[in-house]
Amino acid sequence: MIKDIDHILIERGAISDRVRQLGQQIMEDLNEIDEETEIVLVAVMTGSIIFVADLMRHLNKKIRISLMTASSYVGKSMETTGDPTLGKLPTVKGKHVLLVDDILDSGKTLTRIREELNEQEPASLHSCVLLRKTIDSAMSVPCEYVGFDIEDEFVVGYGLDYDGYYRNFPDIGVIVP
Ligand code: IMP
Ligand code: MG
């Protein structure tokens, strides 16, 4: 194990089981909607890189994948700065949108992205996160699909980073304080 990782919080097998379940749940909902309207999965980079790659392979549908970037940390901080910087947004007018991110923490990133996408008047907008911290700020943001609710601690792995590192760690772990 990478020496900076103190302990594993969610092991890879549990992640893959839950991602499969999320995919099935999303598929059931997608099967309800009209066939003509385009479906676009908007993945928030870089944290959702592994999650979205696994999740989309459970979506047996004709969908487009769009990537956008968002960042809310300055250097080696474990606190979000409050005001996320968003990259170019995909065009979603009139489309069904599934927004995918790694984790809901302060909730500011997802809230901002939802607001900006909604301004384009998509046909529908649903959000999916792998992790959600059980704190008021995160729990109060609308999010239709949640993988795991976790304690308020800083986690890395399966795409999530600290200072750009540990994204390649296959489990979700807590780093040494
Ligand atoms: P929020 O805007 O505070 O909800 O934070 C959203 C972004 O901060 C997420 O998309 C993550 O990239 C990052 N983030 C928040 N908490 C953690 C964590 O515990 N580990 C790694 N990244 C995190
Ligand atoms: Mg992120």
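In what follows, every heavy atom counts, from backbone to side chain, and hydrogens, waters and symmetry copies are set aside. Whatever order the structure lists them in is the order used to number ligands and atoms, beginning at 1.
Remark: the backbone N or O of E153 is not paired with any side-chain donor or acceptor of E151 at under 3.5 angstrom. Remark: side-chain polar atoms of R12 are not paired, donor with acceptor, to backbone N or O of P170 under 3.5 angstrom. Not a single donor-acceptor pair under 3.5 Å links the side chain of T46 to the backbone N or O of T69. With hydrogens and angles disregarded, a donor-acceptor distance shorter than 3.5 Å links the side chain of R18 to the backbone of V146.
Look at S72 and you'll find a heavy atom under 4.0 Å from some atom of ligand 1. Contact between S106 and ligand 1 is present, with at least one heavy atom of the residue lying under 4.0 Å from the ligand. Between D101 and ligand 1 there is a heavy-atom distance shorter than 4.0 Å.
Of all the atoms in ligand 1, the ones that sit under 4.0 Å from a non-hydrogen atom of K133 are 16 (N), 17 (C), 18 (C), 19 (O). Close approach to V155 involves these atoms of ligand 1, each under 4.0 Å from a residue heavy atom: 18 (C), 19 (O), 20 (N), 21 (C).
When heavy-atom distances to ligand 1 are checked against a 4.0 Å cut-off, T109 comes that close through both its backbone and its side chain. Heavy atoms of I103 found under 4.0 angstrom from ligand 1 belong to the backbone as well as the side chain. By the criterion of a heavy-atom distance under 4.0 Å, the side chain of L160, and not its backbone, is placed next to ligand 1. Of the heavy atoms in E153, only backbone atoms (N, CA, C, O) come closer than 4.0 Å to ligand 1. Only the backbone of D161 comes within 4.0 Å of ligand 1, judged by heavy-atom distances.
For the residue pair Y145/D29, the side-chain donor-acceptor check at 3.5 Å is satisfied.
Salt-bridge formation is detected for the pair E35/K61: a Lys NZ or Arg NE/NH1/NH2 atom is positioned less than 4.0 Å from an Asp or Glu carboxylate oxygen.
Using bins of under 30°, 30° to 60° and over 60° for the plane-to-plane angle, the ring pair F154/Y162 lands in the perpendicular bin.
Comparing G159, G107, S48 by heavy-atom distance to atom 4 (O) of ligand 1, the nearest is G107.
Note: Q24 CD to H58 NE2 = 8.0 Å, rounded to the nearest 0.5 Å.
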